[in-house]
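Structure record follows, encoded as structure tokens.
Chain identifiers are assigned alphabetically (A, B, ...) following the order of the sequence lines, protein sequences preceding nucleic acid strands; residue numbering begins at 1 within each chain.
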Number of protein chains: 2
Amino acid sequence: MAKQEFLSHSEENYLKVIFQLAGQERLKVSTNALADKLCAKPSSITDMLKKLSDKKLISYKKYQGCGLTVKGEVIAIQIIRKHRLWETFLVSKLSFGWEEVHDVAEQLEHIQSIKLIDKLDEFLDFPKFDPHGDPIPDRAGNITYRKSKIKLAEAAINAVVEVVSVDEDSPSLLKYLDEIGLRLGSRIKVFERIPFDSSLKIEIVGVQKMYISEKVADNIGVRFIEKL
Amino acid sequence: MAKQEFLSHSEENYLKVIFQLAGQERLKVSTNALADKLCAKPSSITDMLKKLSDKKLISYKKYQGCGLTVKGEVIAIQIIRKHRLWETFLVSKLSFGWEEVHDVAEQLEHIQSIKLIDKLDEFLDFPKFDPHGDPIPDRAGNITYRKSKIKLAEAAINAVVEVVSVDEDSPSLLKYLDEIGLRLGSRIKVFERIPFDSSLKIEIVGVQKMYISEKVADNIGVRFIEKL
DNA sequence: AAATATTTTTAGGCTCACCTAAATATTTTC
DNA sequence: GAAAATATTTAGGTGAGCCTAAAAATATTT
Ligand SMILES: [Mn+2]
Ligand SMILES: [Mn+2]
Ligand SMILES: [Mn+2]
Ligand SMILES: [Mn+2]
């Protein structure tokens, strides 16, 4: 077994954010992008990138951005696993709203105990997705991404789609979606894209017809079901 | 509502340990006692005592030890509440052994979310005691200490007693107690105190007769049930 | 290609929570 | 009550993780 290196909360957060910003295509992540996401100055980012590079957790060449090494990615995925399992716990067992769990999970994801997280996984019955529809990595680090996911903003007119994920970062968006009756699993009929502002005329099946802004639609992940 | 001051993990640990070392009699706590318990040098303790004193969380006069203020005690009790609720969660919901939970709870007790802890309390059905028999403060901070608790080491010969608590600090003691079949609620008949080493000849009712050392007996809390 | 704008790094500083070594206060022993 | 032992504080220092200001590299515009 690889030596258990203990990383600080800060180091763990950097790895997690690098993983997320790199995306599935594993793009290089820029210093400024990290500074934005981590709410720190670029100079602070540079400091940490040097440290993570020394520890072989990222590849980093001056001015060229950074990317996770295998070692770094393994750790990043475990942190994401913890984050999403904790979010699932909060929603399914403690009846938190989906807009309330992210901040608490940001703390809980740093608890060090492999046994805890595996037991939690079992207690939750090995959930595949978190409350926002994001995939939960298994204990080996495998992530099964939904293959045919698109943004609602990009859905074809006259399609019926199913909501499979929502962007979790903004509690106010999540509360709004709650209020209009849009949740994971909701069916949505896409009627019309208004040319002026690209807002969408939709029906949340079984709930209501309404307009939603492009910005909202851009934060909702859906999969195609059928033509109207 | 009092302003939510955010304390570091370190500050929280100091308050918790001061509370525990002061005991129910609220004795002054010495710098060295804190250094021992917190595994830090006395000079580091002094630094922190000054800081906590500036924040009005403790009363502190040079060379005279320290004690919690009301404000400090309120916080300390909330940390202990969190610690014990998490321990209870780990044992009752995730089937951890009682010797495995303390270290994880040391981390979990610092998670900042009043809602989380209240929901957890509810989820656990408002437990009154943690897996080691220690009382769990309620959300208002009230602690109901068991009134007639004594150490097994001090129990009278020919008494039958019930185990109500165990010292949680040593996993190896807890594993040993597991192995000999001694748990919370166990009845114990006290037959004889061996003069040479003050070890006890006992019967764990329904399990076995055996000898236990004074040191072990000193870490088991019991209440008197009846004379043999 | 040069000028300008943007991004990133370097240099130097700060706070936190710890440390060692030395000084000082308190307690215990004779 | 003085000497010795112990407890505590002060003084000065360290690394982690942040900061600002200035310098250097890269990207964009003209
Ligand atoms: Mn989240
Ligand atoms: Mn999520
Ligand atoms: Mn404990
Ligand atoms: Mn306990």
Side-chain angles (χ1 to χ4, degrees), chain A residues 4-19 21-22 27-68 72 75-76 79 106-107 109-112, chain B residues 4-19 21-23 27-68 72 75-76 79 106-107 109-110 112:
Chain A
Q4 265 279 19
E5 322 233 350
F6 274 101
L7 302 183
S8 68
H9 287 199
S10 216
E11 291 171 318
E12 289 194 345
N13 281 332
Y14 274 75
L15 294 180
K16 181 185 62 170
V17 169
I18 292 168
F19 181 83
L21 292 178
L27 302 172
K28 288 283 172 207
V29 176
S30 75
T31 300
N32 267 2
L34 284 167
D36 272 11
K37 196 81 173 188
L38 288 163
C39 299
K41 301 294 163 184
S43 52
S44 306
I45 305 299
T46 302
D47 285 351
M48 183 63 95
L49 293 185
K50 284 177 188 163
K51 200 206 312 187
L52 293 173
S53 182
D54 289 346
K55 294 189 179 185
K56 314 286 189 200
L57 296 167
I58 64 170
S59 60
Y60 168 62
K61 280 201 302 276
K62 269 194 196 186
Y63 296 102
Q64 304 310 129
C66 68
L68 295 177
I75 294 170
I79 296 162
E106 289 287 315
Q107 300 178 62
E109 71 190 4
H110 301 294
I111 302 293
Q112 301 284 356
Chain B
Q4 265 279 18
E5 322 232 351
F6 275 100
L7 302 184
S8 66
H9 286 200
S10 217
E11 291 170 318
E12 289 194 345
N13 281 332
Y14 273 76
L15 294 179
K16 182 185 63 168
V17 169
I18 292 167
F19 181 83
L21 292 178
L27 302 172
K28 287 285 173 204
V29 176
S30 75
T31 300
N32 268 1
L34 284 167
D36 272 9
K37 195 82 173 187
L38 289 162
C39 298
K41 301 294 161 182
S43 52
S44 306
I45 304 298
T46 302
D47 284 351
M48 183 62 95
L49 293 185
K50 283 177 186 163
K51 199 205 316 186
L52 294 173
S53 181
D54 289 347
K55 293 188 179 186
K56 313 286 187 199
L57 295 167
I58 64 170
S59 60
Y60 168 62
K61 281 200 302 276
K62 268 195 197 183
Y63 296 102
Q64 305 310 128
C66 69
L68 295 175
I75 295 170
I79 296 162
E106 288 287 314
Q107 299 177 62
E109 72 190 4
H110 301 293
Q112 300 284 358

Atom-to-atom span, [atom1] of [X] to [atom2] of [N] - whole angstrom:
{"X": "A:Phe6", "N": "D:dA16", "atom1": "CZ", "atom2": "P", "value": "17 Å"}
{"X": "A:Asn13", "N": "D:dA16", "atom1": "CG", "atom2": "P", "value": "17 Å"}
{"X": "A:Lys55", "N": "D:dA16", "atom1": "NZ", "atom2": "P", "value": "7 Å"}
{"X": "A:Asp54", "N": "D:dA16", "atom1": "CG", "atom2": "C1'", "value": "14 Å"}
{"X": "A:Lys28", "N": "D:dT26", "atom1": "NZ", "atom2": "P", "value": "15 Å"}
{"X": "B:Leu38", "N": "C:dC19", "atom1": "CG", "atom2": "C1'", "value": "15 Å"}
{"X": "A:Gln64", "N": "D:dA25", "atom1": "CD", "atom2": "P", "value": "12 Å"}
{"X": "B:Ile45", "N": "C:dC19", "atom1": "CD1", "atom2": "P", "value": "8 Å"}

State, with a plain yes or no, whether a side-chain heavy atom of [X] is found less than 4.5 Å away from one of [Y].
{"X": "A:Asp36", "Y": "A:Asn32", "value": "no"}
{"X": "A:Lys55", "Y": "A:Leu7", "value": "yes"}
{"X": "B:Cys66", "Y": "B:Leu34", "value": "yes"}
{"X": "A:Ile58", "Y": "A:Leu15", "value": "yes"}
{"X": "B:Glu12", "Y": "B:Gln112", "value": "yes"}

Give the dot-bracket string for DNA chain D, reading 5' to 3', where a pair is Watson-Crick or G-U wobble with both distances under 3.5 Å, ( ) marks pairs inside the strand, [ ] marks pairs crossing earlier ones, | marks a partner on another strand, and . marks unpaired. ||||||||||||||||||||||||||||||
Would you say [N] has OP1 or OP2 under 4.0 Å from some side-chain N or O of [X]?
{"X": "B:Ser10", "N": "C:dC16", "result": "no"}
{"X": "A:Tyr60", "N": "C:dT9", "result": "yes"}
{"X": "A:Asn32", "N": "C:dT8", "result": "yes"}
{"X": "B:Tyr14", "N": "C:dC18", "result": "yes"}
{"X": "B:Ser44", "N": "C:dC19", "result": "yes"}

For the residue pair A:Glu11 and A:Phe6, what are the closest heavy atoms and their distance? OE1-O, 4.4 Å
Remember a base hit wins even if backbone is also touched, and classify B:Lys62 as base, sugar-phosphate or nothing at under 4.0 Å, heavy atoms. sugar-phosphate
Sugar-phosphate only, base, or nothing, as touched by B:Lys50 at under 4.0 Å among non-hydrogen atoms: sugar-phosphate
Applying side chain to side chain contact (heavy atoms under 4.5 Å, CB included) to A:Thr46 and not counting sequence neighbours gives A:Thr31, A:Lys50, A:Tyr60
Any donor-acceptor N/O pair under 3.5 Å between C:dC16 base and B:Asp47 side chain: no
Give a yes or no on whether a donor-acceptor pair under 3.5 Å exists between the nucleobase atoms of D:dT20, that is its base, and the side chain of A:Ser43. yes
Proximity to the side chain of [X] - top-ranked nucleotide from [options]:
{"X": "A:Thr46", "options": "D:dA25, C:dT10, C:dT26", "result": "C:dT10"}
{"X": "A:Met48", "options": "C:dT9, D:dC18, C:dT20", "result": "D:dC18"}
{"X": "A:Tyr63", "options": "C:dC19, D:dT26, D:dT9", "result": "D:dT26"}
{"X": "B:Pro42", "options": "D:dT20, C:dC19, D:dT9", "result": "D:dT9"}

Between A:Ser53 and A:Lys61, does any side-chain donor sit less than 3.5 Å from a side-chain acceptor? no
